[in-house]
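Note sheet for the following structure.
Excluded from the calculations below are hydrogen atoms, water molecules and symmetry mates; all remaining heavy atoms, backbone and side chain alike, are included. Throughout, numbering of the chain's residues begins at 1 and tracks the sequence. Remember, it's 1-based here, ligands and their atoms both numbered in the order they're listed.
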Amino acid sequence: TSKSRGKNQITTFDHKIEEAIIRRLKLEDALIHAIENEEFHLVYQPKINIKTNKFIGMEALLRWNQKELGFISPGEFIPIAEETGKIYRIGDWVMRKAFAEWSNWVEAGNKPICLAINISPLQFSRDEFLPNLKSIIEASKMDPNFVELEITESSSINYESKMIEKLYETKKLGVHISLDDFGTGYSSFGHLKELPVDVLKIDRSFLNGLQSNKNNEAILRSMIQLGHNLNLKVLMEGVETIEDVKWLEAETCDYVQGFYYSRPKLLSELYDWSPK
Ligand code: C2E
Ligand code: MG
Ligand code: MG
Ligand code: MG
């Protein structure tokens, strides 16, 4: 009967909520031990200069392989790390690990190229951020001129003058800054001109339907021009097809990154890599 079906649906619904809560609690708990248990590692995705077709940099992306739960995506665990305050220690771990792997890269005879790491706006906002970054750079063989910080656009970065000040302080170390996922959420074109960033990283959602929708083309073209008018370099993330590459090249986008060129890989797998 419809009545019993309704009851079943409610049970399924409750069950789903219960499962989600249990998973969340498990992840929170597992995250506490993830560093000690050596469950994290980094993979790297190449960045390519579209004009010269050269491998010019790479982005470190965090991977978590949990002993019992298996692979958990950063899209799921980074927000939990942020909400539970674990992001600070994890963020420091990422910096240490990435800088160490970069030194190995150079010592193995590879050309030094820019190494980008993702920084949560929460992590960046913290008073300890700059002193930590400085001391981690000093303790490593990392050349700060090859460090790039990818900071997601967020309200705090855009609006607080204290944060803009801090971006300037960060840049004094020699590091570069890119605005990640540009165009999603908190865009404030008015404040963009005040931000001392080097690169606009346009969110990959803007590539969706590029081939089928003229409005998408117009928006993406405007974003590239906006970046250039502000004297910034523009990188397009999530490039998956040769058609995208051709379109972006014609529109004078500076850099590209995406599965078309390479999926994120272990750094050792990129030692002899070059774009197709
Ligand atoms: P993001 O920084 O915008 O990174 C780009 C994401 O797009 C990565 O997902 C990457 O694997 C994926 N991607 C790259 N090329 C393509 C493509 O051609 N097609 C598609 N469909 N996807 C592509 P991932 O590694 O799952 O990371 C997701 C997000 O998690 C990152 O977005 C970043 O915000 C965050 N994240 C990853 N590692 C770290 C980290 O070490 N620290 C912090 N704070 N956040 C991180
Ligand atoms: Mg990024
Ligand atoms: Mg991004
Ligand atoms: Mg993204």
Exercise for the section: Quick one: sort the Trp93 and Phe40 rings into parallel, tilted or perpendicular, breaks at 30° and 60°. Expected result: tilted
Exercise for the section: Using a 4.5 Å cut-off on heavy atoms from C-beta on, say whether the side chain of Ile177 contacts that of Tyr168. Expected result: no
Problem - Side-chain heavy-atom pair Leu149, Leu133 within 4.5 angstrom cut-off - result: yes
Is the contact between [X] and ligand 1 made by the side chain, the backbone, both, or neither, using heavy atoms and a 4.0 Å cut-off?
X: Arg63; value: side chain
X: Val94; value: side chain
X: Val239; value: backbone
X: Ile78; value: side chain
X: Glu237; value: side chain
X: Ile117; value: neither

Practice task
Consider only side-chain N and O atoms of His176 and Asn145, and report whether a donor and an acceptor are under 3.5 Å apart.
Solution key: no
Handout entry: N, O or S of Thr152 under 2.8 Å from the Mg ion (ligand 2)
Key = no
Exercise for the section: Tell me, please: is Ser73 in heavy-atom contact with ligand 1, that is, under 4.0 Å? Expected result: no
